[in-house]
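Structure record follows, encoded as structure tokens.
Worth knowing before you read on, the calculation uses all heavy atoms, side chains too, and leaves out hydrogens, waters and symmetry mates. This chain uses plain numbering: 1 for the first residue, then up along the sequence. Source: prediction; values computed, not measured.
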Amino acid sequence: MTANADENVPVLIVGGSLVGLSASLFLGRLGVRHLLVERHAATSHHPRGRGNNVRTMELYRTAGVEPRIRAAASVLADNHGILQADTLTGAEQEWLFREIDPGGGLARLSPAGWCLCSQNDLEPELLAAARELGADIRFGTELDSFEQDQDGVTAVVTDRDSGRKRTVRAQYLVAADGPRSPVRERLGIGCGGRGDLFHNVSITFRAKRLADEVGDRRFIVCYLRNSEGSGALLPVDNKESWVFHAPWRPDSGETLEDFTDERCTALIRAATGVADLEVEITGKAPWHAAERVADGYGRGRVFLAGDSAHEMSPTGAFGSNTGIQDAHNLAWKLAAVLQGWAGPELLDSYEAERRPVALATAARASARSAEHRHPGYDVSPGTGKQAGMLAVVLGYRYHSGAVHGADPEESAVPEQFRPGAEPGSRAPHLWVNRDGVRLSTLDLYERGPVLLTGPGGRAWHEAGLRVAEELGVPLECHRIGGEPGPGSVLQPDEGADWAQAHGVAEDGAVLVRPDGFVAWRAVTGDDRPLQVLTEVLGAVLSRA
């Protein structure tokens with residue numbers, strides 16, 4: 001604590017876009033008091049970053065906001081495919097895919113599903129939910145400077161309207177301040193990768209007649225390519241509001257001022273193939289597709305998350321989802337350390353886990369843009385279509401001190417998704433019943449580690465109850481199936497096999513972290529359950 005600080009908080013978040021607001025929500029759910037400052041006056045007003053993948057929606061489900069997000073996204077609920085065409089009215093029409101989840105197979109893997117919710121609709125929901133949990137979120141407030149020492153971070157923030165400066169003392173700082181992160185620059189952390197890939201200007205417009213030309217083609221995006229105009233068309237309401245991403249070539253001397261309303265209108269007409277389309281331009285915003293990953297995810301008590309740590313090509317929305325998952329990974333670790341049930345070294349696992357995932361995911365995103373021939377990206381795709389995109393979404397793996405027994409040969413993002421419960425992987429989804437309420441096993445993972453055992457794992461279960469008490473760790477212990485007894489007993493749906501899904505015998509056990517990743521598993525029973533669990537939990541939580 002600093003005596004002359006105007007305010008003291010455990011965590012200071014810099015940046016109030018998707019990642020910063022998600023970090024606020026996740027920390028609030030865990031009871032961690034924090035302050036968020038955002039230099040802009042309000043949440044985003046531009047429709048972008050709309051694709052929220054299954055893993056992200058699982059996290060929002062656990063955080064209690066999935067229903068309100070789906071309500072905000074209801075207008076795009078029936079939009080699924082990606083279309084590629086010469087024009088909307090032309091003969092060349094090809095669906096890269098028609099359905100995100102053909103056949104509904106994802107329901108076997110997750111209680112959640114994909115959701116198209118534009119950033120301008122999603123951010124207000126995150127903001128409202130975070131504030132309902134008591135978060136102190138200040139827009140129009142900018143970070144001026146910060147210094148850190150062995151005990152914390154001292155920052156100076158300025159209210160941009162009044163010019164009033166305040167000194168904030170925090171134990172940790174989370175920088176979610178975008179791709180040109182001032183915090184990252186002040187830390188002296190560089191970035192590696194392929195750099196800039198291509199540039200677009202995002203043009204919002206109204207055109208009532210365009211819906212007639214689109215007809216019943218409910219696409220997520222339509223890539224339009226012809227000699228007179230190319231770009232990406234995205235629906236906002238499937239009626240009269242649209243977004244058009246036009247290629248922009250600043251390296252050839254093209255400036256933003258060159259994108260006049262008249263030129264934008266002409267580009268939209270040429271790309272759509274509707275020569276007399278009435279177009280009302282409502283906004284323009286430049287954006288840059290890049291492949292960069294920070295050389296480090298922080299220094300000392302300062303951590304990078306989201307675009308400050310990595311930039312990715314937009315195809316697949318991997319960048320925003322990876323950033324939200326950064327925030328989730330970091331939030332539980334900050335909570336554990338601040339609340340005293342984990343050692344400070346646990347925070348070292350943040351970079352060790354998230355940076356390899358970002359490196360692999362960024363490469364996949366660039367390859368996806370090439371495969372889809374994203375307008376403005378003049379790179380030949382690799383041979384054949386990419387396989388295993390679900391591996392990026394649900395199959396990424398962690399190797400760190402916060403995982404015990406992970407396969408060191410397993411890549412951060414495997415080529416194919418293999419459901420299971422190997423240490424370092426996302427725990428599998430299984431429907432269970434608790435006191436007459438049906439829930440997913442994924443719903444159990446948020447506030448503390450969870451030990452799952454089957455009917456034959458009573459020794460593990462009883463050892464877990466004792467270890468939790470002796471170590472002062474909020475370890476929840478659940479038996480899946482079997483007769484009532486000490487602790488919680490959850491009954492699986494008929495036909496569900498907990499042991500098979502988790503790759504253990506009936507007397508095995510699985511330790512799951514608060515973020516839903518498997519920290520350790522015992523395939524079978526052991527004659528030293530108390531000793532083993534004490535050692536494993538201590539190692540995973542960096543307790544000396």
Side-chain angles (χ1 to χ4, degrees), residues 7-45 49-50 52 55-75 77 111-113 115-141 157 159 166 168 170-174 176-177 305-306 320-321 323-336 338-339 437 439-440 442-448 474 476 514-516:
E7 301 178 67
N8 286 275
V9 291
V11 179
L12 172 63
I13 301 171
V14 180
S17 191
L18 280 181
V19 174
L21 289 172
S22 293
S24 176
L25 171 65
F26 298 143
L27 286 172
R29 291 278 300 184
L30 298 173
V32 176
R33 190 168 59 88
H34 58 278
L35 167 65
L36 183 152
V37 296
E38 164 57 50
R39 64 185 301 273
H40 291 101
T43 55
S44 175
H45 64 273
R50 62 178 58 196
N52 300 283
R55 181 58 186 153
T56 292
M57 294 308 295
E58 288 177 351
L59 304 184
Y60 286 151
R61 172 190 169 93
T62 304
V65 295
E66 183 191 19
R68 64 202 298 171
I69 291 173
R70 293 200 182 278
S74 60
V75 70
C115 179
L116 291 178
C117 188
S118 298
Q119 192 166 336
N120 59 313
D121 293 323
L122 176 55
E123 286 184 0
E125 299 302 329
L126 299 177
L127 174 62
R131 281 180 166 162
E132 287 166 11
L133 292 167
D136 185 351
I137 298 176
R138 304 177 196 174
F139 287 90
T141 304
V157 301
D159 182 291
R166 294 183 66 81
V168 178
Q171 289 176 258
Y172 298 98
L173 186 153
V174 177
D177 54 344
S320 58
N321 286 281
I324 292 164
Q325 292 154 28
D326 290 342
H328 193 261
N329 182 287
L330 182 57
W332 82 263
K333 294 172 181 176
L334 287 171
L338 288 166
Q339 292 165 4
V437 177
L439 68 156
S440 167
L442 300 186
D443 298 330
L444 303 172
Y445 313 134
E446 182 184 22
R447 301 186 184 280
E476 294 184 3
D515 60 352

| task | Kindly state each residue pair satisfying ring-ring contact (aromatic ring centres under 6.0 Å, His included) with at least one member in residues 122-141, sequence neighbours excluded. | result |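 Found none.
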Would you confirm whether [X], through its side chain, and [Y], through its main-chain N or O, come within 3.5 Å as a donor-acceptor pair?
{"X": "D443", "Y": "S440", "value": "yes"}
{"X": "R29", "Y": "T62", "value": "yes"}
{"X": "D136", "Y": "G134", "value": "no"}

How long is the span from the [atom1] atom in [X] to the [atom2] atom in [Y], to the nearest 0.5 Å?
{"X": "Q325", "Y": "L330", "atom1": "CD", "atom2": "CG", "answer": "14.0 Å"}
{"X": "I69", "Y": "L122", "atom1": "CD1", "atom2": "CG", "answer": "5.0 Å"}
{"X": "Q339", "Y": "W332", "atom1": "CD", "atom2": "CH2", "answer": "11.5 Å"}
{"X": "D326", "Y": "S22", "atom1": "CG", "atom2": "OG", "answer": "10.5 Å"}
{"X": "H40", "Y": "T141", "atom1": "NE2", "atom2": "OG1", "answer": "12.5 Å"}
{"X": "L126", "Y": "D121", "atom1": "CG", "atom2": "CG", "answer": "11.0 Å"}

Pairwise side-chain contact, [X] with [Y], heavy-atom cut-off 4.5 Å (strictly under):
{"X": "L334", "Y": "V32", "answer": "no"}
{"X": "F26", "Y": "I324", "answer": "yes"}
{"X": "D159", "Y": "R138", "answer": "no"}
{"X": "I137", "Y": "R131", "answer": "yes"}

State, to 0.1 Å, how close [X] and [Y] come at their nearest heavy-atom pair, and which atoms those are.
{"X": "R70", "Y": "C115", "answer": "NH1-CB, 3.5 Å"}
{"X": "E123", "Y": "S17", "answer": "OE2-OG, 2.7 Å"}
{"X": "G448", "Y": "P514", "answer": "C-CG, 3.5 Å"}
{"X": "H34", "Y": "G28", "answer": "CE1-N, 3.8 Å"}
{"X": "L338", "Y": "P10", "answer": "CD1-CB, 3.9 Å"}
{"X": "V19", "Y": "A327", "answer": "O-CB, 3.9 Å"}

| So L59 and D515, side chain to side chain contact (heavy atoms under 4.5 Å, CB included) or not? Walk me through it. | CA-CA 8 Å; L59 304 184; D515 60 352; over 6 Å; no
| field | Ion pair R61/E58, N-O distance below 4.0 Å | value |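 No salt bridge links R61 with E58.
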| request: Test side chain to side chain contact (heavy atoms under 4.5 Å, CB included) on N321 and R55 and set out the steps. | output: CA-CA 8 Å; N321 286 281; R55 181 58 186 153; over 6 Å; no
| said: Can you tell me which residue among I13, V14, V11, V168 is in a side-chain contact (heavy atoms from CB on, under 4.5 Å) with L173? | reply: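 Of the listed options, the one satisfying the test is V14.
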